[in-house]
K.L.:
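Structure incoming, see below.
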There are 2 protein chains.
Amino acid sequence: MKAITSRDNAGYKAMAKLVASTAERKRRALSVLEGAHLVAAFLDSGRELDSLMVSRSALERAEVAALADRAHPAAVTVISDALFDALSTLDSATGVIAAAPTPEGVAVPANASLVVLLEDVQDPGNVGTLLRSAAAVGAGHVMLSKTCAFAWSLKVIRAGVGAHFALNIVEDADLAAWLAAFRGKSVALAGGAKESIYDLDLTGPLAIIVGNEGAGVSESLMRAATKRARIPMPGRMESLNAGVAGSVALFEALRQRQSSADKRG
Amino acid sequence: MKAITSRDNAGYKAMAKLVASTAERKRRALSVLEGAHLVAAFLDSGRELDSLMVSRSALERAEVAALADRAHPAAVTVISDALFDALSTLDSATGVIAAAPTPEGVAVPANASLVVLLEDVQDPGNVGTLLRSAAAVGAGHVMLSKTCAFAWSLKVIRAGVGAHFALNIVEDADLAAWLAAFRGKSVALAGGAKESIYDLDLTGPLAIIVGNEGAGVSESLMRAATKRARIPMPGRMESLNAGVAGSVALFEALRQRQSSADKRG
């Protein structure tokens, strides 16, 4: 374990550059994880960190010391609290920040059980929330169109709370092309649809499509889907938050699957 | 309709003070609404604006001109685009900002059909999302404990997208005291609970309790509830976003109610 006290240290400067620049993170294929929970979620996925910096005072916490022990010794650096504060992306410094290889997405099989498709979802909080819900229901794959918020941005990673490392995340995906090969049902969420998600059989291989916060799913992607469905809103609202809409649909799919498994069992 | 071009105008200064200061909004019992959609949602609720300021260029849009027509003429002021930009709370100025009397919450009846209780929900986005979902399912009432984010803050109003005016919102509520008098079921959402929300009968008068983002529902409020229930998460996540968790429970209650209404009908 190294210890550094100068902001001119090459490792420190490299981390600061990663924190500051999305382009740098993309170029080096690294993501920045701040906080013990995110770093632990990454290590739980069986991958190795590129580097881990912990503040001197954070290292006194058993949770943080244990994390530092789990990383490769050469990857760990202890820095002063002042240096950490200068690096931190959060209001209350957590004392733990890491650079981790950004996992590459792999092709989603045409018979996948549950896939989430995001088309032009712009808000990082919504993308992160949808990743979190997808991981929670056990969907294995999330595909994002080119115009979605960057899935590995600091904000999306923060909102994902570790979901990123429990999923296969495919960015810049051609959603319509993938749907054409998919051998399951696909449901585009659309406020104006006639059928409700509660009217549909959501068991079996399923893709759920969530669209842009303002415009919803595009007409062309709607046509590529086998169904369009609304989430019923008897109250006086025109629409739901996109993160909520996708999550409600995912949990309804989960409910139906658990209920049909109960009946079979 | 007045027109002003100077930032020394008393009406303009009063609006700027409202935008800048939560304390001022609380003191005058006014909320700030930015954007045509929010202002329309407020007017749709049958109430009168305190004041409405529109930028000269926004007034050229039919939607905005129609809004200005719906407000009391004495309450409407046209301001220059530069003055509007200085006032705006958003990155892209909408050209429409209003001060509206903050509706006062009224006592929630002990036999209410569907009530949402928020305990120490801190994130303004989560509070706004939960209000939006509550309004969407047609829950009439949302009660917030003293330590929740202020329901009428700019961020919460923005995330609510008009839900505020379709609900009875009661802040600084003593949730345990209200539950003691409630003549329905109350379900505290808790990750570690044995029963799943899908195992429960959520028809009839119901209160759904959502807790703090980190700590969940407090033990004392858990004890005041008739049930605690989890949202099942077969995937590798420890928890859901609080806004999502509450929304999934609300929509499950809606699904059960619609399904039992179908059976009766």
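Chain letters run A, B, ... following the sequence lines, proteins first and then strands; every chain starts at 1.
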K.L.:
Highest number of heavy-atom pairs under 4.5 Å with chain A: which of Pro234(B), Ala163(B), Ala166(B), Gly138(B)?
P.N.:
Pro234(B)
K.L.:
Heavy-atom cut-off 4.5 Å, strictly under: side chain, backbone, both or neither for Ser239(B) against chain A?
P.N.:
both
K.L.:
Using residues 189-197 of chain B as the side-chain source, report each donor-acceptor pair under 3.5 Å to any protein atom, sequence neighbours left out, with the distance given to one decimal.
P.N.:
unit_1: Glu195(B); atom_1: OE1; unit_2: Lys227(B); atom_2: NZ; d: 3.4
unit_1: Ser196(B); atom_1: OG; unit_2: Tyr198(B); atom_2: N; d: 2.8

K.L.:
Taking atom NZ of Lys155(A) as the centre, does the number of heavy atoms from other residues, nucleotides or ligands within less than 6.0 Å exceed 12?
P.N.:
no
K.L.:
Among residues 117-136 of chain A, which residues come closer than 4.5 Å to chain B, judged by heavy atom distances?
P.N.:
Thr129(A), Arg132(A), Ser133(A), Ala135(A), Ala136(A)
K.L.:
Where on Leu240(B) is there a heavy atom nearer than 4.5 Å to chain A: the side chain, the backbone, both, or neither?
P.N.:
both
K.L.:
For residues Gly160(A) and Met237(B), report the shortest heavy-atom separation together with the two atoms involved.
P.N.:
O-CE, 3.4 Å
K.L.:
I need the minimum non-hydrogen distance between Ser247(B) and Val248(A), along with the two atoms involved.
P.N.:
O-CG2, 4.3 Å
K.L.:
Which one wins on heavy-atom pair count under 4.5 Å against chain B: Gln258(A), Glu252(A), Arg236(A)?
P.N.:
Arg236(A)
